[in-house]
Visitor: 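My questions all concern the structure below.
The sequence lines fix the lettering, A, B, ..., with proteins before strands; numbering per chain opens at 1. All values below come from the heavy atoms of this structure, side chains included, with hydrogens, waters and symmetry mates left out. As the structure is a prediction and not an experimental result, all values here were calculated from the model.
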Amino acid sequence: MSSGSSIPGARPVGRDHLMASPVEVAPALLGLVLAVGGRAGRIVEVEAYLGVEDPASHAHRGPTARNATMFGTAGLLYVYFVYGMHWCANVVTGPEGEGGAVLVRALSPMAGLDEMRTARPRARRDRDLCNGPAKLAQALGIDGTHNGVDVCDPDSPVRLLDDGGRPTVEPVSGPRIGISRAVDAPWRWYLPDDPHVSKGLPTR
DNA sequence: CGTTTGATGCTCT
DNA sequence: GAGCATCAAACGG
């Protein structure tokens, strides 16, 4: 058996689909699949973060040791550590050097649920496995060792896949969650009827 | 239900 | 020293 996903018909997303700005790419990621080993989920909530021009972005102050991945090639996974205990995962998008990325905020679990439950013993219901950016990282086993991997590479430990599944409803956009600056930019997108969207509330 | 608070450590000022 | 792209438990009604 290969280490490929167990998602029928899934193929890697081409890097050319990630070359536009994060604001354009983010809603287009809804419905795609994020996979780590045998664990996978469909993306139901995302947020766009731009480069230096976005005061809420980690890239706002230019490249540093922490955010260096954001300034790399589209398709790299930017994984960061926050609040002293949580990991969150982004897909780098847009031209290299600009620092744009899309934060994956929630997944609808598709495969490897037993592994996810083991990785997230505090989650009481399956709908709580991946309904938040740090929750899905924990459920899939994503941490700092995955920073900089290429989600377009079939051999990467973290992959972005397209299985042909498409949202049946129009994505809703609104303010990003958990930020203190640029709070009005409506750069969060989610599928309004999906129970796996996070429960975070916009600041303000 | 809703709101509040403690945990915990890295990054940049 | 302040702030953090969060989460879960502990409250109160």
Visitor: Hey, where on DNA chain B does chain A first and last touch, going 5' to 3'? Cut-off is any atom under 4.0 Å from a heavy atom.
Guide: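 First-to-last contact on DNA chain B, by the 4.0 Å heavy-atom rule, is B:dA7 to B:dT13.
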Visitor: Walk me through whether A:Leu18 and A:Leu160 qualify under side-chain contact (heavy atoms from CB on, under 4.5 Å).
Guide: CA-CA 11 Å; A:Leu18 306 175; A:Leu160 183 64; 4.3 Å; yes
Visitor: Using the salt bridge (Lys or Arg N to Asp or Glu O under 4.0 Å) rule, collect all pairs that involve residues 84-106 of chain A, keeping only residues at least two apart or in two chains.
Guide: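 Pairs touching residues 84-106 of chain A that pass the test: A:Glu45-A:Arg105, A:Glu47-A:Arg105.
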Visitor: Got a sec, which pairs hit salt bridge (Lys or Arg N to Asp or Glu O under 4.0 Å) with one end in residues 51-65 of chain A, sequence neighbours left out?
Guide: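 Passing the test, one end in residues 51-65 of chain A: A:Asp54-A:Arg176.
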Visitor: Does A:Val183 reach the side chain of A:Pro175, with side-chain heavy atoms less than 4.5 Å apart?
Guide: no
Visitor: So which pairs with a foot in residues 119-129 of chain A pass side chain to side chain donor-acceptor pair (under 3.5 Å), sequence neighbours left out?
Guide: A:Arg117-A:Asp126, A:Arg120-A:Gln138, A:Arg125-A:Asp128, A:Asp128-A:Asn131
Visitor: Is there side-chain contact between A:Leu76 and A:Val149, with heavy atoms separated by less than 4.5 Å?
Guide: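 They are not in contact (no side-chain heavy atoms under 4.5 Å apart), so the answer is no.
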Visitor: Show the nearest heavy-atom pair for residues A:Ala35 and A:Ala40, with the distance to one decimal.
Guide: CB-CB, 3.9 Å
Visitor: Considering non-hydrogen atoms only, spot the tightest contact between A:Val79 and A:Asp143 and give its length.
Guide: CG1-O, 3.5 Å
Visitor: Please report the interatomic distance CZ(A:Phe71) to OG1(A:Thr64), rounded to the nearest 0.5 Å.
Guide: 7.5 Å
Visitor: Report the distance from atom CD1 of A:Ile177 to atom OH of A:Tyr190, rounding to the nearest 0.5 Å.
Guide: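 Nearest 0.5 Å value for the CD1-OH distance: 8.5 Å.
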Visitor: Could you pull out the closest heavy-atom pair between A:Ala182 and A:Pro55, with the gap in Å?
Guide: CB-CD, 4.1 Å
Visitor: For the atom pair OG (A:Ser198) and CG (A:Leu136), what is the distance rounded to the nearest 0.5 Å?
Guide: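 Result: 10.0 Å between the selected atoms.
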Visitor: Residues from residues 42-55 of chain A sitting under 4.0 Å of DNA chain C, heavy atoms only?
Guide: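 Going residue by residue through residues 42-55 of chain A, the ones with a heavy atom under 4.0 Å of DNA chain C turn out to be A:Tyr49.
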Visitor: Is there a side-chain contact between A:Val92 and A:Val151, using heavy atoms and a 4.5 Å cut-off?
Guide: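 A:Val92 does not reach A:Val151 side chain to side chain.
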Visitor: Could you pull out the closest heavy-atom pair between A:Asp163 and A:Pro8, with the gap in Å?
Guide: CB-O, 3.8 Å
Visitor: Does A:Phe81 have any ring pair (Phe, Tyr, Trp, His ring centres under 6.0 Å) partners at least two apart in sequence or in another chain, and if so, which?
Guide: A:Trp87
Visitor: Would a distance-only check, ignoring hydrogens and angles, find a side-chain to backbone donor-acceptor pair under 3.5 Å from A:Ser57 to A:Leu50?
Guide: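 Checking the backbone N and O of A:Leu50 against the side chain of A:Ser57, a donor-acceptor pair under 3.5 Å is found.
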Visitor: Using side-chain heavy atoms (C-beta onward) and a distance below 4.5 Å, is A:Ile43 in contact with A:Val33?
Guide: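 No - every pair of side-chain heavy atoms lies 4.5 Å or more apart.
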Visitor: Mind running a 4.0 Å heavy-atom check of residues 91-110 of chain A against DNA chain C and sending the residues that fall below it, in number order?
Guide: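 Heavy-atom cutoff 4.0 Å gives A:Leu103, A:Arg105.
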Visitor: Dot-bracket for DNA chain B: what is it, with Watson-Crick or G-U pairs under 3.5 Å, [ ] where a pair crosses earlier ones, and | for a pair to another strand?
Guide: |||||||.||||.
Visitor: How does protein reach along nucleotides 8-13 of chain C, written 5' to 3' as B (base within reach of a heavy atom under 4.0 Å), S (only sugar-phosphate), or - (no contact)?
Guide: SS----
Visitor: In residues 187-194 of chain A, what residues come within less than 4.0 Å of DNA chain C, judged by heavy atoms?
Guide: none
Visitor: Quick test: give all pairs of protein nitrogen or oxygen and nucleotides 2-4 of chain C nitrogen or oxygen below 3.5 Å, distance rounded to 0.1 Å.
Guide:
from: C:dC4; atom 1: OP1; to: A:Ser180; atom 2: OG; distance (Å): 2.5

Visitor: Any idea which heavy atoms bring A:Tyr80 and A:Tyr78 closest together, and the distance?
Guide: CB-OH, 3.6 Å
Visitor: Enumerate the residue pairs fulfilling side chain to side chain donor-acceptor pair (under 3.5 Å) with a member in residues 146-157 of chain A, sequence neighbours excluded, ordered by first and then second residue.
Guide: A:Arg15-A:Asp150, A:Thr69-A:Asn147
Visitor: Is the distance from the ring center of A:Tyr49 to that of A:His58 below 6.0 Å?
Guide: no
